[in-house]
Amino acid sequence: MTDASAAAQRAASVPLIVGSDRGPGAVGARPDEDLLAGLNPPQREAVTYRGRALLIVAGAGSGKTRVLTHRIASLLRNREAWPSQILAITFTNKAAGEMRERVEHLVGDSARGMWISTFHSACVRILRREAEQFGFTKSFTIYDSGDSRALIKRLVKEHEADAFGLTPAGVQSRISKLKNELADAESYARQANPNDPAERIFVELFGDYQRALQRANAFDFDDLIAQTVYLFRAFPHVADVYRRRFRHILVDEYQDTNHAQYALIHELTRPIAGEARQPYADSGMMIFDAPAADAPEPASLTVVGDSDQSIYAFRGADIRNITEFERDYPGAKVVLLEQNYRSTQNILSAANAVIGNNFDRKDKKLWTDVGAGEKIVGFTGYSQHDEAQFVADEVEALRRGGIDYSQMAVFYRTNSQSRALEEIFIRSAVPYRIMGGTKFYERAEIKDALAYLVAVANPADEMAVRRILNRPRRGIGDVTETAIARYAAEEGIAFRDALANASALGVGPRIQAAVAQLDAVLVEATELMLPSSGELAPPSAVAEGLQLLLGRSGYLDALRMSKDAQDEARLENLDELVAVAREFARNNPEGTVIDFLAEVALVSDADDLEDSSGSVSLMTLHTAKGLEYDAVFLTGVEEDLIPHRISAGEPGGPQEERRLFYVGITRARKRLYLSLAMTRAQFGEVSVAMPSRFLQEIPGDLVHWRQSPGDVNSRGGTQSRALNARRTGGGSGSGRYGDDLVPLPPRDRPGSIEKFANRIPAKVRDNGDMALAPGDRIRHDDFGEGRVDAVTGEGAKRVAHVRFDTAGPKKLLVKIAPIERL
DNA sequence: ATCTGGCTTATTTTT
DNA sequence: TAAGCCAGAT
């Protein structure tokens, strides 16, 4: 499309902007003065520096979000930029939302029109506009990793590639890595070894995968970035449009950018080549001549990052993007933020000591003026349940001490570790919430529902149509599916369109009817959501269309009929999805199905918006990045967990694990707990766990061990010996533990392990609605006898407040606690 | 076409 | 442990 037509098209939509007659550049009496109040000198510098490139090296908790938001606000207040000229990139949608909110708080409505989004969302916006330039349509859809895995799985099968040791997972990750390096199938083939059959097949798979995506009019996650870069490189005049538009580009978490993202930023910050000045009214945001045309300098770039917090190298993040920033942008200004406003000195000292063990890093020391604070607390449990019980008890103790549940978090390395914690938390009636765990949008019924929407919105996406073909069961199996595909191929039409001619498929009448019915439902929903009259569908169309699809297809009925208990939950999930669609319509009155699908594909946890007030947050260390809590429990601090076993073999692996540990530590404001278990059950088997090497890197006087690894295993029992109280004399650093500090019993003492392994049975019991009243005496499997003080709550959530004779006060969920009335 | 049971197998982090 | 795959029965 031409720029002129694009401009015309956009001019038609959305009015608005900035209620002021003063243009950018007009200077008042330091309108940003208040933005600088309360900032320390480096922070101030980071807000006020003006130049082509600025690198803000921001240690954990040094107020980088504050600096970034104030910098944006200052640009706006000083009239140095219009909102539409600002592009701020964050890593997560949540971070983007928060940043927008904070900027709005500072400058009010004039924040509207800024692009504050993730790399992926920004690229979708660009691609949506330019897709027609290179063989896609505006209604392209996005394959999440599950979708692309399914596609790759099919291709692997077709090519019988498993015979060459190519697994779907392996192929998927290789393709992803290559795309992050901006390699495509052709360029990879050129440098691949043609004599290796596995290589040849891989190249074929890569190529087929890419062609399948193109045919489906779809991009995968990595494509969103890479294709945007290709677009800019192939069509410089298109790139110029965006270069002219975005005068100030800011990137958060720069240490986690991969090569493709780096290249994207690089493209956007290049000098503008084009000579013709074209005022570009972009989605209606700019209703004035872009001042950029008068000053065609490259955009200014601000990046914020901390190489010590780089934890995504495994998926292509390249620390060099930050370490070599000064080389890439000559003359760049570097500002160092080292003062920490989050944690106590004890916590920071531990963090500094740990990260100091990574070689090859610029030394940076966090400091604070809030004082030493409490010591770090260490605890070693016999088993993961024991460890979890410690956490639960301590959470309650902190709660009584005045810390709100929402200000506490429990971190772990792998998702599977959450199970033991959940079990104990439920039993102890500690309210908790798992962040980023099993994702709503990965559930089968949600994927089915979305596939129905895709089938309507992007009929080219054959995968989606195939997915819903027999969901709910309507008797369409392999044979029919193949028949449809063959018919489509013969007629040279799309798979979706073949459904419209059921009678020509050569299948039985029953099946024909089923196919025709499916087609009819899709047609009806299409008419509702994308009226053929060209009329704009009402905002409610997406939610209504979804309901229509699920209802008329028989999907809901099938679930309702089912006696599988889980199907009830599935129905609720689908209700939830409809609610999400309604909410979307409220926020985006002009949003189409396509927009809805894109949003859904790019938002990881739907509960982002939901406030976690009133519950303890449980999450992986990766998820924890960027967050902070008064009290933090870092659990499973064991060898093979952190550092994770798999990391040992990877170059740079252990160092990345150390950074992960560092990230965990630095999330804590006031209280930090490090805990581990002596034994850990992993997929059915109990194995012995060793304390993590990272524990030794923390100076002994910072940690108060409530129960040290020494306590737990020393033969006689009570000998208190902190893990890191003494080290072997030599500074070689090779021996992990001194001779006198064997942290765990030798393996040939299974007795001690068995004794503790299953202290708490894995099965959750059910007491029904046991009658319990204040004054009753009960016995608990673990806590012994006690007296009921009170009973609160209703039904399955009834909670008994019990004062145990020896274990002290506890709250128990009556329904499932291992208790009996005496 | 669908259901069942028995088998294997894989277990890191995620926009 | 639990999810996913395959073969064989209905």
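Quantities reported herein were computed from a predicted structural model and do not represent experimental measurements. All chains are named by letter (A, B, ...) in the order of the sequence lines, taking the proteins before the strands, and each is independently numbered beginning at 1.
A/Ser553 approaches A/Pro472 most closely through the heavy-atom pair O-CG, 3.5 Å. A/Val304 approaches A/Gln255 most closely through the heavy-atom pair O-OE1, 4.2 Å.
For the C1' atoms, the distance from C/dC5 to B/dT12 is 24 Å, rounded to whole Å.
With rounding to whole Å, A/Lys153 atom NZ is found 8 Å from C/dG4 atom C1'. To the nearest angstrom, C1' of B/dT14 lies 13 Å from CG of A/Leu602. The distance from atom CD of A/Gln417 to atom C1' of C/dT1 is 15 Å, rounded to the nearest whole Å. In this structure, A/Asp144 places its CG atom 15 Å from P of B/dT14, rounding to the nearest Å.
Among the nucleotides B/dC3, B/dT15, B/dA1, the one closest to the side chain of A/Ser145 is B/dT15.
More than 12 heavy atoms of other residues, nucleotides or ligands lie within 6.0 Å of CD in A/Glu158, so this atom counts as buried by the packing criterion. Within a 6.0 Å radius of CZ in A/Arg510, no more than 12 heavy atoms belonging to other residues, nucleotides or ligands are found.
Residue-level contact check: A/Asp256 touches neither bases nor backbone, having no heavy atom under 4.0 Å from any strand. Residue-level contact check: A/Tyr312 touches the backbone only, with heavy atoms under 4.0 Å from sugar-phosphate atoms and none from bases. Among the protein residues, A/Thr480 comes within range of the sugar-phosphate backbone only, with heavy atoms under 4.0 Å from sugar or phosphate atoms but none that close to a base.
Counting only N and O atoms by type, the side chains of A/Ser145 and A/Ser148 include no donor and acceptor under 3.5 Å apart.
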Nucleotide N/O of nucleotides 9-12 of chain B paired with protein N/O under 3.5 Å:
unit_1: B/dT12; atom_1: O2; unit_2: A/Arg413; atom_2: NH2; d: 2.5
unit_1: B/dT12; atom_1: O4; unit_2: A/Glu650; atom_2: OE2; d: 3.1

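Using cut-offs of 30° and 60° on the angle between ring planes, the pair A/Tyr312 and A/His622 is tilted.
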